[in-house]
Amino acid sequence: MRKKIVAGNWKMNLDYAAGISVFSEIVNMVKDEKNGSQDVVICAPFIHLNSLSKLGGETVKIGAQNCHQNESGAFTGEISAGMIKSVGCEYVLIGHSERRQYFAETDALLAEKTVIALKNNLIPIFCIGETLDERNNGSYFEVIKSQLENGLFSLDAESFSKIIVAYEPVWAIGTGLTASSDQAQEVHAFIRKEISEKYSMAIADATSILYGGSCNPKNADELFAQKDIDGGLIGGASLKSRDFMDIIKAFNS
Ligand code: 13P
């Protein structure tokens, strides 16, 4: 059985006090949710990681939103995977489309970040997804395939089996335009097929593939009902504890 995960990505939102407050609400609600079978993760800005990992305990796990590709050194302003691990994080987002778009992160760089994250025992949540143009001109399968091949498929099978993949169509991020459950399922099934051809059916079956992009309490039910969707990566709705909790509950309904 592959792991079901609902992860929030706070992006560059919530100052220290606001982060503690929203996170504490989430922890209390997750504790009260009797039917929870999924892992709940919050990927927060760096300033929050140390405090949240202590507050979250086993109830809500913590992830960073990025790490540097080197172990340490003269990289002013950067944060290493080892530092992230040292404050109790278990996860790190790698290759979010905003990193690809605004920070020019290439597949080759993301492959290096993935290796260093794994070496430091962090679980990479590796993000892939096509732009609106790529969706409209029908090249989205090629785009996804190339992101997988160049970002992830140089890993050996043992390393790959630790990866979580997140499919986030860029046109659905923060736009209110969600992929329909059919569109999302189609791409998730394609990703699983690519993994199975590269590695094995067993590894593909065990890989959690999350959907992200304007996921909200209203559409979560239908998305999570798809057989290849193993959870969500939630942006805006993870900033409001009630909405985030309703998305988590959609899993158990
Ligand atoms: P929204 O849920 O705000 O569309 O963001 C999705 C996302 O980018 C999560 O990583």
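Order of appearance sets the numbers: ligands from 1, and atoms from 1 within every ligand.
When every heavy atom of Ser51 is checked against every heavy atom of Ile20, the shortest pair comes out as CB-CD1, 3.8 Å.
The shortest N or O to N or O distance between Thr175 and ligand 1 is not under 3.5 Å. An N or O contact shorter than 3.5 Å links Gly235 to ligand 1 by distance. The distance criterion of under 3.5 Å between nitrogen or oxygen atoms is not met by Glu98 with respect to ligand 1.
Looking only at heavy atoms of the protein, atom 9 (C) of ligand 1 is closest to Glu168 OE2, 2.8 Å.
Below 30°, between 30° and 60°, or above 60°: for His48 and Tyr16 the angle between ring planes is below 30°, a parallel geometry.
Defined by atom type and a distance below 3.5 Å, a donor-acceptor pair is present between the side-chain atoms of His96 and Glu168. Looking only at atom types and distance, the side chain of Tyr199 has no donor-acceptor partner in the side chain of Thr207 under 3.5 Å away. Glu142 and Ser139 are not linked by any side-chain donor-acceptor pair at a separation below 3.5 angstrom, with hydrogens and angles left out of the test.
Heavy atoms of other residues, nucleotides or ligands lying less than 6.0 angstrom from NZ of Lys193 number more than 12.
When the heavy-atom distances from atom 3 (O) of ligand 1 to Gly236, Cys215, Gly213, Gly129 are ranked, the shortest goes to Gly236.
At a heavy-atom distance under 4.0 Å, atoms from both the backbone and the side chain of Leu233 approach ligand 1.
Residue contact annotation: Gly174 has a non-hydrogen atom under 4.0 Å from ligand 1. Remark: distances from the non-hydrogen atoms of Ala172 to ligand 1 include one below 4.0 Å.
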